[in-house]
Amino acid sequence: MAHILHSDFSAGSHQLQEAFSLSNLIGEMAAVMGCEVASSGLRFGEDHPYQAPVVGKNTQFSFNPGVLQQQWRQDKASNSEVKPAILGPLTFLALAENEDGSDPLSLLDQLIPLYSELLELFAAEGAEWVQIDEPILVTELSLAWKIAFEQSYHTLKANRPNILLATYFGALKDNLQLACNLPVAGLHLDVAADRSELNRVIDWLPIHKVLSLAVIVGAESSETDTVRGAERSGWLQSLAEKLGERLWLASACR
């Protein structure tokens with residue numbers, strides 16, 4: 001299972017470390033939902049290959065959380081602070097291979113109750129937070145997909161775990177207000193390469209929500225990385241003073 005690790009950070013914020021890949025997240029969720037996976041590989045953007053779940057208008061999802069649930073128990077037994085991360089329902093459908101050209105959003109009413117059930121299983125196992133990854137928020141979305149985001153997360157907010165909505169691999173652009181205003185407990189962004197949207201996100205994000213930022217790319221050991229680290233510590237300290245415990249930090253997915 002992909003997961004994030006949680007530990008204390010200075011200035012009352014939190015530090016997170018991620019261990020996942022988009023390909024793994026898609027494969028895990030395809031197994032949970034009983035979907036076959038296409039033999040041919042696809043790419044999200046230029047650098048992120050994955051094998052897509054196969055769906056169509058006659059798809060009937062089956063709920064198979066056993067392996068994911070068992071892995072979560074093992075992870076939690078070895079580290080009580082571990083938090084589960086799963087691929088979000090909209091990204092799952094958007095990245096699926098559609099075998100008959102039907103509208104993938106037509107499957108959402110069938111899929112969301114299964115996500116709710118999965119969130120409740122995590123809550124029953126003691127998870128207070130679940131990270132839900134929706135990287136398609138960095139792509140251009142039609143009005144239908146934006147409405148689907150709002151409707152889906154208004155349903156999922158009724159479940160017990162706090163949801164950390166995560167997006168990465170690009171800028172939110174026209175989806176920034178949508179991401180900030182979805183009814184979740186926190187928002188995770190990748191600002192390691194570009195933090196040009198950060199001020200707008202802070203302006204739009206409601207004050208009760210956590211802001212998690214991916215700020216570090218792997219192990220930084222070069223002289224250039226040392227300089228970048230010093231520069232980063234300046235604006236991060238200022239941000240930590242402003243946000244306090246609402247600020248969490250993470251390493252970037254690259």
Side-chain angles (χ1 to χ4, degrees), residues 1-4 18-72 75 84-119 121-122 130-149 151-153 155-156 163 165-173 175 179 188 190 252-254:
M1 172 190 289
H3 58 272
I4 55 179
E18 298 171 330
F20 72 94
S21 73
L22 180 63
S23 179
N24 288 341
L25 288 174
I26 293 174
E28 287 174 350
M29 195 51 60
V32 170
M33 298 303 169
C35 292
E36 295 183 0
V37 176
S39 57
S40 58
L42 300 175
R43 285 185 178 272
F44 185 91
E46 297 180 356
D47 302 321
H48 308 288
Y50 68 94
Q51 288 183 295
V54 179
V55 300
K57 63 181 180 181
N58 295 320
T59 294
Q60 294 293 318
F61 297 114
S62 59
F63 190 52
N64 307 292
V67 173
L68 207 59
Q69 192 174 16
Q70 183 179 6
Q71 185 62 54
W72 158 241
D75 291 344
I86 58 176
L87 188 72
L90 282 303
T91 296
F92 180 80
L93 291 178
L95 299 187
E97 182 175 299
N98 197 307
E99 61 184 356
D100 56 19
S102 58
D103 181 4
L105 289 178
S106 66
L107 299 173
L108 201 56
D109 287 344
Q110 183 190 161
L111 191 61
I112 291 301
L114 300 182
Y115 267 83
S116 290
E117 191 171 346
L118 183 58
L119 289 174
L121 282 177
F122 284 133
V130 174
Q131 177 175 313
I132 300 184
D133 291 18
E134 295 281 14
I136 64 163
L137 281 167
V138 304
T139 67
E140 185 175 349
L141 297 177
S142 68
L143 179 60
W145 281 87
K146 290 181 179 181
I147 292 173
F149 261 103
Q151 293 175 338
S152 297
Y153 281 90
T155 299
L156 295 178
I163 294 174
L165 181 71
T167 185
Y168 36 79
F169 301 152
L172 290 165
K173 299 180 180 179
N175 300 324
H188 171 82
D190 184 349
C253 180
R254 289 290 185 269

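The figures here come from the full heavy-atom set of this structure, side chains too, leaving out hydrogens, waters and symmetry mates.
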When every non-hydrogen atom of Gln51 is compared with those of Ile26, the smallest separation belongs to O-CG2, 3.5 Å

Can you name the closest pair of heavy atoms from Pro135 and Leu22 and give their distance? CG-CD1, 4.0 Å

More than 12 heavy atoms from other groups under 6.0 Å of CG on Asp109: no

Look at atom CD of Glu36 and say whether more than 12 heavy atoms of other residues, nucleotides or ligands are closer to it than 6.0 Å. no

Any heavy-atom pair between the side chains of [Y] and [X] that's under 4.5 Å?
X      : Y      : value
Trp72  : Pro65  : no
Glu134 : Tyr153 : yes
Pro104 : Phe92  : no
Glu28  : Leu87  : no

Report yes or no: does [X] contribute a side-chain atom to a donor-acceptor pair with the main-chain N or O of [Y] at less than 3.5 Å?
X      : Y      : answer
Thr91  : Gly88  : no
Gln110 : Phe61  : yes
Ser23  : Tyr50  : no
Asn98  : Gly56  : no
Ser152 : Phe149 : no

Can you spot which of Leu111, Ile147, Leu90 makes a side-chain contact (heavy atoms from CB on, under 4.5 Å) with Leu105? Leu90

How long is the straight-line distance from [atom2] of [Y] back to [atom1] of [X], given to the nearest 0.5 Å?
X      : Y      : atom1 : atom2 : answer
Gln69  : Leu118 : CD    : CG    : 8.5 Å
Gln131 : Leu165 : CD    : CG    : 9.0 Å
Leu121 : Leu68  : CG    : CG    : 9.5 Å
Leu119 : Leu114 : CG    : CG    : 11.0 Å
Thr167 : Leu137 : OG1   : CG    : 5.0 Å
Leu107 : Ile112 : CG    : CD1   : 11.0 Å

Test Val138 against Ile136 for side chain to side chain contact (heavy atoms under 4.5 Å, CB included), laying out the working first. CA-CA 5 Å; Val138 304; Ile136 64 163; over 6 Å; no

When you look at Cys35 and Val37, which way does the side chain to side chain contact (heavy atoms under 4.5 Å, CB included) test go after all the steps? CA-CA 6 Å; Cys35 292; Val37 176; over 6 Å; no

Is there a side chain to side chain donor-acceptor pair (under 3.5 Å) between Tyr168 and Asp133 once you walk through the steps? CA-CA 8 Å; Tyr168 36 79; Asp133 291 18; 2.6 Å; yes

Can you tell me if Gln71 and Asp75 form a side-chain donor-acceptor pair at under 3.5 Å? yes

Intermediate values then yes/no, side chain to side chain contact (heavy atoms under 4.5 Å, CB included), Tyr115 and Phe63: CA-CA 9 Å; Tyr115 267 83; Phe63 190 52; over 6 Å; no

